[in-house]
Amino acid sequence: MINILFVCMGNICRSPSAEGFFARALQQSPFKEQVSIDSAGTHSYHVGHAPDERAVDTAAQFGVDISRLRARKVAPADFYDYDLIVVMDRDNLAALQAIAPADATASLKMMMEYHPQGQPEEVPDPYYGGLDGFRYMCDLLDSSTSGLLKEVEGRLGRQGEQGQTDHQARF
């Protein structure tokens, strides 16, 4: 089993969209029952709220439904409950590194590490911009989640071949 958490600042645009795009990609995977996903924010501004309507509408144009997700803040337990925490930008990566317990077991990675071109380095926050920013975010997440799924499937395949149990294949 691999547990993945997607993180941005408020958990209403980028990270719920990433969760939705990855959930859609995961549905075609033979390993879908072996992967658990969620999303959270580094700040508590929007806890309990649905994703931003612009994110919901734009994701829907890609065939991704994020309307039922609700924002939550990253919790200390997340650093142990998840194998991989996928972060949308450097500021939120730094925020997570600052609060991560010294013995945390989760690996922290940037979402764009899984993009085929690896560029840009971050998924830009579309919150204060127009619809073009939401479309660009979804384009990046659509491409990046494919790369992440490929890595997850490779790790789960190797675990099965080697008879490993949970948390033995680090990211």
Keeping the roles fixed (side chain from [X], backbone from [Y]), state whether a donor-acceptor pair exists under 3.5 Å.
| X | Y | answer |
| --- | --- | --- |
| E153 | S29 | no |
| E113 | M110 | yes |
| R54 | G130 | no |
| N3 | D81 | yes |
| S143 | L140 | no |
| D38 | L5 | no |

Are [X] and [Y] side-chain neighbours, meaning at least one heavy-atom pair lies under 4.5 Å?
| X | Y | value |
| --- | --- | --- |
| F22 | V86 | no |
| I66 | E19 | no |
| D89 | R14 | yes |
| F6 | L148 | yes |
| R135 | Q61 | yes |
| S44 | R72 | no |
| L156 | P30 | no |
| D142 | R24 | yes |

Which value, rounded to the nearest 0.5 Å, describes the distance between [X] atom [atom1] and [Y] atom [atom2]?
| X | Y | atom1 | atom2 | result |
| --- | --- | --- | --- | --- |
| I37 | I2 | CD1 | CD1 | 12.5 Å |
| D57 | S67 | CG | OG | 10.0 Å |
| L108 | N92 | CG | CG | 11.5 Å |
| I85 | K109 | CD1 | NZ | 13.0 Å |
| D103 | Y80 | CG | OH | 3.5 Å |
| F171 | I4 | CZ | CD1 | 5.5 Å |

Worksheet item: How are the rings of F21 and F62 set to each other: parallel, tilted or perpendicular (split at 30° and 60°)?
Response: perpendicular
Practice prompt. Take I12 and Y127, measure what side-chain contact (heavy atoms from CB on, under 4.5 Å) needs, and give me the verdict at the end.
Written response: CA-CA 9 Å; I12 60 166; Y127 187 76; 3.6 Å; yes
Which heavy atom in [X] sits nearest to a heavy atom in [Y], and how many Å separate them?
| X | Y | answer |
| --- | --- | --- |
| M88 | A18 | CE-CB, 3.7 Å |
| D52 | C13 | CB-SG, 3.8 Å |
| A55 | S17 | CB-OG, 4.0 Å |
| F134 | P126 | CE1-O, 3.3 Å |
| M112 | V123 | SD-CG2, 3.8 Å |
| S15 | C8 | OG-SG, 3.1 Å |

Worksheet entry | side-chain contact (heavy atoms from CB on, under 4.5 Å) evaluation trace for E122 with V87 | CA-CA 9 Å; E122 301 179 319; V87 189; over 6 Å; no
hydrophobic_cluster_shared for [Y] and [X], side chain cutoff 4.5 Å:
| X | Y | answer |
| --- | --- | --- |
| M137 | L131 | no |
| V35 | L141 | yes |
| M9 | V56 | no |

Practice prompt. Give a yes or no on whether a salt bridge exists between D83 and R155, defined as a side-chain N under 4.0 angstrom from a carboxylate O.
Written response: no
Worksheet item: Under 6.0 Å from the CD atom of Q27, do we count more than 12 heavy atoms belonging to anything else shown?
Response: yes
